[in-house]
Novice: 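The structure's right below; bear with me while I get my questions together.
As a basis for the values below, the full set of heavy atoms in this structure was taken, side chains included, without hydrogen atoms, waters or symmetry mates. So you know, we letter chains A, B, ... as the sequences are listed, proteins then strands, and number each from 1.
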Number of protein chains: 2
Amino acid sequence: MSELLTIGAVADATGVTTSALRYYDDRGVISPAARIGGQRRFDPTVIGRVNFIQRSQQAGFSLDDIVAMLDDTAGQWRALVDRKLVELTDKRARIDEMIELLTEVRACGCDVVATCDRAPSC
Amino acid sequence: MSELLTIGAVADATGVTTSALRYYDDRGVISPAARIGGQRRFDPTVIGRVNFIQRSQQAGFSLDDIVAMLDDTAGQWRALVDRKLVELTDKRARIDEMIELLTEVRACGCDVVATCDRAPSC
DNA sequence: CCTTGACTTCAAGTCGCCTTGAGGTTCTAC
DNA sequence: GTAGAACCTCAAGGCGACTTGAAGTCAAGG
């Protein structure tokens, strides 16, 4: 009963498929603690990391972005985070606009969006 | 001097490449008003439509979603819009979380995000 | 020991959204 | 009438993030 996790255990704990985890490993987004008989064994902290990856992806980060943030040793990551914060704020604004637009379009009396004068003219 | 636009004019007006516009045409997202000598001629209203497409894409809509919304004749589009509003609200919440997380991580004293106890443990 | 299920690698496939390239036609200006 | 820009189609390529499949290895229980 070791404290290291098989790839399947990590998959179960995170909801990420084993193939995706291997892909992350290949890409260097996560790093396996060890190999036992050729099989990956992960430190349990990888679960937090995978969760962080998922959240970041949902917020629009690419795997390269995430690698850059997580594996940065030159202290550049703060600048990257700053850029990403600007991007996120921007994206949020566009989503807000879209919510407003859709809410308005939804409230109109048109049968078809294409003929609604509120929709295509913004 | 017709009131119809060539594909190049639409590209200039919208910032979308001609190849993308042809692709939209093939996909049925936009449709030229006519063909002159085999060449597409667009009604100027297509510009509004292309802008709508761009905004929608930025908000996370696929071209299929957009076609479904714009070319719906069965009055189903309102339900689609409702679903999309839920999605957007959701996405906005996740972006807000990420903004909060990054702001917090940024403010910590760590050199490397990977070793920051605030980041991977959420 | 043997089975069974979880693991391994590697190559190729998928999906959405285009872009690129080849090879050809049409429009516009001189 | 002719050059050159802009247009056309069709097939293939590219990117990100995986998934799928083949063929083989490893580990745990009976």
Side-chain angles (χ1 to χ4, degrees), chain A residues 1-43 46 49-70 84 87 91, chain B residues 1-43 46 49-70 80 84 87 91 94:
Chain A
M1 185 180 186
S2 88
E3 60 215 2
L4 294 179
L5 306 171
T6 64
I7 197 169
V10 177
D12 288 346
T14 59
V16 171
T17 62
T18 57
S19 64
L21 290 171
R22 276 185 213 105
Y23 178 72
Y24 290 167
D25 188 12
D26 292 346
R27 288 284 305 265
V29 196
I30 57 177
S31 45
R35 291 276 185 150
I36 296 184
Q39 299 188 359
R40 293 169 180 83
R41 290 302 132 97
F42 294 94
D43 188 284
V46 80
R49 185 137 175 173
V50 171
N51 285 334
F52 183 77
I53 292 168
Q54 301 216 84
R55 289 170 149 271
S56 302
Q57 283 186 317
Q58 285 172 342
F61 287 62
S62 68
L63 288 181
D64 278 349
D65 284 339
I66 296 167
V67 171
M69 259 197 309
L70 290 174
K84 281 296 163 180
E87 266 179 44
K91 185 172 294 190
Chain B
M1 185 179 185
S2 89
E3 59 214 4
L4 294 179
L5 307 172
T6 63
I7 198 170
V10 177
D12 287 347
T14 58
V16 171
T17 62
T18 56
S19 64
L21 291 171
R22 276 185 214 105
Y23 178 71
Y24 290 167
D25 187 11
D26 292 345
R27 289 285 306 266
V29 197
I30 58 176
S31 48
R35 290 271 188 154
I36 296 184
Q39 298 189 359
R40 294 168 180 84
R41 290 302 132 95
F42 293 92
D43 188 285
V46 81
R49 184 139 176 170
V50 171
N51 285 335
F52 183 77
I53 293 166
Q54 300 217 83
R55 290 169 148 272
S56 302
Q57 283 186 318
Q58 286 173 341
F61 288 62
S62 69
L63 289 182
D64 278 348
D65 284 338
I66 297 168
V67 171
M69 260 199 306
L70 290 175
L80 175 60
K84 281 296 163 181
E87 267 179 43
K91 185 172 292 188
R94 276 177 281 138

Novice: Could you check whether any side-chain N or O of A/Q54 sits under 3.5 Å from a backbone N or O of A/G15, counting only pairs where one atom can act as donor and the other as acceptor?
Specialist: no

Novice: For B/K91, what residues pass the salt bridge (charged side-chain N to carboxylate O under 4.0 Å, His left out) criterion, not counting sequence neighbours?
Specialist: none

Novice: Measure the OG-NZ distance between B/S56 and B/K84 for me, rounded to the nearest 0.5 Å.
Specialist: 9.5 Å

Novice: Heavy atoms only: give me the nearest B/L80-B/D65 pair and the separation to one decimal.
Specialist: CD2-O, 3.7 Å

Novice: Any side-chain heavy-atom pair from B/V29 and B/R49 closer than 4.5 angstrom?
Specialist: no

Novice: Could you work out, with side-chain contact (heavy atoms from CB on, under 4.5 Å) as the rule, every residue matching B/A11, not counting sequence neighbours?
Specialist: B/T18, B/L21

Novice: Identify, between B/Q39 and A/S62, the residue whose nearest nucleotide on DNA chain D lies closer to the 5' end.
Specialist: B/Q39

Novice: If you walk 5' to 3' along DNA chain C, what is the first nucleotide with an atom under 4.0 Å of a heavy atom in chain A, and what is the last?
Specialist: C/dC7 to C/dT9

Novice: Could you check A/R27 against A/G38 and say which one's nearest nucleotide on DNA chain D is further toward the 5' end?
Specialist: A/R27

Novice: Determine whether A/I53 and A/L63 make a side-chain contact, defined as any pair of heavy atoms from C-beta on separated by less than 4.5 Å.
Specialist: yes

Novice: Mind listing the residues from residues 12-24 of chain B sitting with a heavy atom below 4.0 Å of DNA chain C? Number order is fine.
Specialist: B/T17, B/S19, B/A20, B/Y23, B/Y24

Novice: Contact boundaries of DNA chain D with chain A (under 4.0 Å, heavy atoms), 5' to 3'?
Specialist: D/dA17 to D/dA27

Novice: In Å and rounded to the nearest 0.5 Å, what is the CD1 to CZ distance from B/I66 to B/F61?
Specialist: 7.5 Å

Novice: Ignoring hydrogens and angles, tell me if any N or O in the side chain of B/E87 forms a donor-acceptor pair with the backbone of B/G60 under 3.5 Å.
Specialist: no

Novice: Under the rule for salt bridge (charged side-chain N to carboxylate O under 4.0 Å, His left out), what residues qualify as partners of A/R22, not counting sequence neighbours?
Specialist: none

